[in-house]
Each structure stands twice: as structure tokens, then as C-alpha cells.
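Presented below is the structure to which this report refers.
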Amino acid sequence: MPKETQIIEAEGIAVEISHPEKILYPEAGLSKMDLVRYYTAAWPYLKKFGMGRPLAIKRYPHGAGGDSFFQKNKPHNAPEWLTSRLLGLEKKADYIILDKLATLLWLVNLDSLEFHSALVAAPNYDKPNLLAFDLDPPPGSTFPEIRDFALACRPIIEGFGYRCFAKTSGKRGVHICCPLPAPQSFEQVFNAAKEVATTIIEKIPGCTLSLKKEDRPDKILIDIYRNHPYQLMVLPYSTRATPNASVSMPLSWEELGRLEDAGVFDVGTVVEKLKKGKDEWEEYYPK
DNA sequence: GCTGCTG
DNA sequence: CAGCAGCAACGCCCT
DNA sequence: AGGGCG
Ligand SMILES: [Mn+2]
Ligand SMILES: [Mn+2]
């Protein structure tokens, strides 16, 4: 154990943070401990969506801007309290399950700068409990363009009977999440997403379902493939590996409508907003 | 960040 | 003993 | 069979 290792207590579990002052975001000057503090502050909100979900983490051992890799299997050296479960179509990947703050912080110690999850949650590990529309802007477009597209999608999606909530992706896009009253199969959920998206394509110009780049040089991709089995979406309140440590931020539709730049939500501003604001996704969660 | 393999 | 590789996944679409 | 796509 490195000399400068610090022990953090999270809900009664001790988590070792090695090199707590290691800089993970050089441009923003944020250390590993800064990230520990961010996730501790965001946890009461993050857990409302993330609790019980299988994780995939994106790790940056040399900080944002350095080499990175995805990891979904539980590391061999994980502590005994870290929950995991064999999932996937072949049930062969040992996914980390997000069921406590200590899990998040133990993964931060491994230089995880992004937390992604599948659309399923305990105890229904085979059935998604939401529908996801990942709106991916074309290169060179501005945030107001993808913002206005999301706003135009809302009444169409609601017309199919879904409630829908928006968040920034933390990078350039917008995610629309539709909670399901009861979990449905991946096949049902994907077919539903495709039906809705096909209507969006008919009603709004400039968007496509095709992943092929040549089909969409300047079109918005409605990425419904997040709804395929065990595909991933970045969690609400997850940081991203951007220079300013931007965050995937859940918003009210009113606040999204006023937003000119998604980059204003970062590790610093989000904690301030949470301190005084209410959770803009309050209505997402059943009472 | 850490383990396990390879030279 | 030190240096270094590995650390994800789905299905669709195309060659 | 293999690569690109997100
Ligand atoms: Mn290293
Ligand atoms: Mn996206």
C-alpha cells in the first residue's frame, strides 16, 4: 500500500484511496480526492437512478486525456463487499452491481472517470425498466441544435404514452429516458424505441437511425441501439473524461430549453446546484 | 491501478 | 526482477 | 469470417 493511502468511510465501509492527491483532470486541477468528494455529494441523487444497475466503467490510469479502457468484469482484487453478478445474453460477464456508495468510491480509486450502466436493475436483471433515446449530434453542430431537436421529440414520445425526462450526455449530446411502469423484455423495449423513432424521423427532418457515417454527414443520429441487450448508457450524474470534468446532468424540460451550453455542468457547478436545487427528475421515480 | 505473464 | 499487456459488449450492416 | 459503428 502506498504511503500516502487515505482511508475513506462510506456508509460504514472503509475504502482505500491510494494517491489521493493524484491529479485526474489536469486542466481543471481536480484530484482523485476531489472526485471522491464529488461522488459522495452526488450519491443521494445518483443512486435514485443507478441503484442496483450493472456497471461498466471507463478508466483513465493517467487521467483525462490519457489512455483509457472500459471494464465491466469485477476486478480480481475486489473487496468481498463488492457485489457482482453474471449477466449478459450468455451470462458470462461478472458485472459489478452498483448497490452502495463504497462501490463508486472504490472504482474512483481505480481512476474511473465515467460510469456507464445497462438499462436493467435489480432484481429484474433481464428486463429493462426504461426506454432510452440517445441523441447524437453531427460533428460541427451546436448545442442549441440538439437541444431543440430533443424538445421537438418530447411531444412525439409522449404521444406514445411514455413519460420522458432529459439529461445532458456530459459531452455533446442529449439523452431522453422514459421510465417504464413495469420492466419489459429487451425485444419489446427495442421495438418500442424503433417505432417511436420511426415516427420522429417522419415528422422532423435532419435525423436518421443509420449508424453508417456516410448516411449521416450532418444528421442527428437517434441512437436507439442503447436498447439492445446489455447496451450501455452513461449514468445521470456521471462525470465524463472531458477537460473540465463535465457531468451528465438531469434537467427539467424548462431548464433544457434555456440551456445554451451543456458544458456548464461540471464537478464544481453540479454540487453547488444540488445544494440549493431540487432534483429535476423527482417525478421520474415512483413515490 | 493493479495483476500476471514473459524475457 | 523489471517491463509490459490486459482490463467490453451488443447486433446490425457491409465487405 | 471479419471490421466499423455507437
Ligand atoms: Mn501507470
Ligand atoms: Mn450519445
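Residue numbers start from 1 in every chain, and the chains themselves are labelled A, B, ... in the order their sequence lines are given, proteins ahead of strands. What you are looking at is a predicted structure, and each value in this text was computed from that prediction instead of being measured.
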Handout entry: Pairwise P distance, C/dC10 and B/dT3 [rounded to whole Å]
Key = 27 Å
Exercise for the section: Provide the distance between the two C1' atoms, one in C/dA8 and one in D/dG4, to the nearest whole Å. Expected result: 16 Å
Please report, rounded to the nearest Å, how far the [atom2] atom of [N] is from the [atom1] atom of [X].
| X | N | atom1 | atom2 | answer |
| --- | --- | --- | --- | --- |
| A/His62 | B/dC2 | NE2 | P | 12 Å |
| A/Lys194 | C/dC10 | NZ | C1' | 15 Å |
| A/Lys58 | C/dG6 | NZ | C1' | 16 Å |
| A/Leu89 | C/dA8 | CG | C1' | 14 Å |
| A/Gln71 | B/dC2 | CD | P | 12 Å |
| A/Arg59 | B/dT3 | CZ | C1' | 11 Å |
| A/Phe70 | C/dG6 | CZ | C1' | 16 Å |
| A/Asp94 | C/dC7 | CG | P | 15 Å |

Just distance, no hydrogens or angles: give the donor-acceptor pairs under 3.5 Å from side chains in residues 142-156 of chain A, sequence neighbours left out.
unit_1	atom_1	unit_2	atom_2	d
A/Thr142	OG1	A/Glu145	OE2	3.0
A/Glu145	OE2	A/Thr142	N	2.9
A/Arg147	NH1	A/Leu259	O	2.8
A/Arg147	NH1	A/Glu260	OE2	3.2
A/Arg154	NE	A/Glu158	OE2	3.1

Exercise for the section: Using ring pair (Phe, Tyr, Trp, His ring centres under 6.0 Å) as the criterion, point out the one residue from A/Phe190, A/Tyr225, A/Phe186 that pairs with A/Tyr230. Expected result: A/Phe186
Problem - Pair listing, side chain to side chain donor-acceptor pair (under 3.5 Å) test, anchored in residues 184-194 of chain A, at least two apart - result: A/Ser185-A/Gln188
To the side chain of [X], which of [options] is closest?
| X | options | result |
| --- | --- | --- |
| A/Asn109 | C/dA8, B/dC2, C/dC7 | B/dC2 |
| A/Leu232 | C/dA8, B/dT3, C/dC7 | C/dA8 |
| A/Pro229 | C/dG11, B/dC2, C/dA8 | C/dG11 |

Handout entry: Of all pairs that satisfy ring-ring contact (aromatic ring centres under 6.0 Å, His included), the ones with a partner from residues 255-283 of chain A, not counting sequence neighbours
Key = A/Phe165-A/Trp281, A/Trp281-A/Tyr284
Practice task
Determine which nucleotide pairs with C/dA2, using a 3.5 Å limit on both distances of a Watson-Crick or G-U wobble pair.
Solution key: B/dT6
Problem - Residues forming a ring pair (Phe, Tyr, Trp, His ring centres under 6.0 Å) with A/Tyr45, sequence neighbours excluded - result: none
Under 3.5 Å donor-acceptor pairs involving side-chain atoms of residues 97-105 of chain A, not counting sequence neighbours:
unit_1	atom_1	unit_2	atom_2	d
A/Asp99	OD2	A/Thr83	OG1	2.5
A/Lys100	NZ	A/Trp81	O	2.6

Exercise for the section: Take A/Phe69 and A/Phe190, find for each the nucleotide of DNA chain C with the closest heavy atom, and name the residue whose nucleotide sits nearer the 5' end. Expected result: A/Phe69
Taking only N/O atoms, report every protein-nucleotides 2-6 of chain D pair under 3.5 Å with atom names and distance.
unit_1	atom_1	unit_2	atom_2	d
D/dG6	OP1	A/Lys213	NZ	2.9
D/dG6	OP1	A/Arg216	NH2	3.2
D/dG6	O3'	A/Asp136	OD2	2.7
D/dG6	N2	A/Gln231	NE2	2.6
D/dG6	N3	A/Arg226	NH2	3.2

Exercise for the section: List the steps and the verdict of ring-ring contact (aromatic ring centres under 6.0 Å, His included) for A/Tyr237 and A/Tyr39. Expected result: CA-CA 8 Å; A/Tyr237 298 105; A/Tyr39 278 108; 9.7 Å; no
Handout entry: Below 4.0 Å: OP1/OP2 of C/dC7 and any side-chain N or O of A/Asn73
Key = no
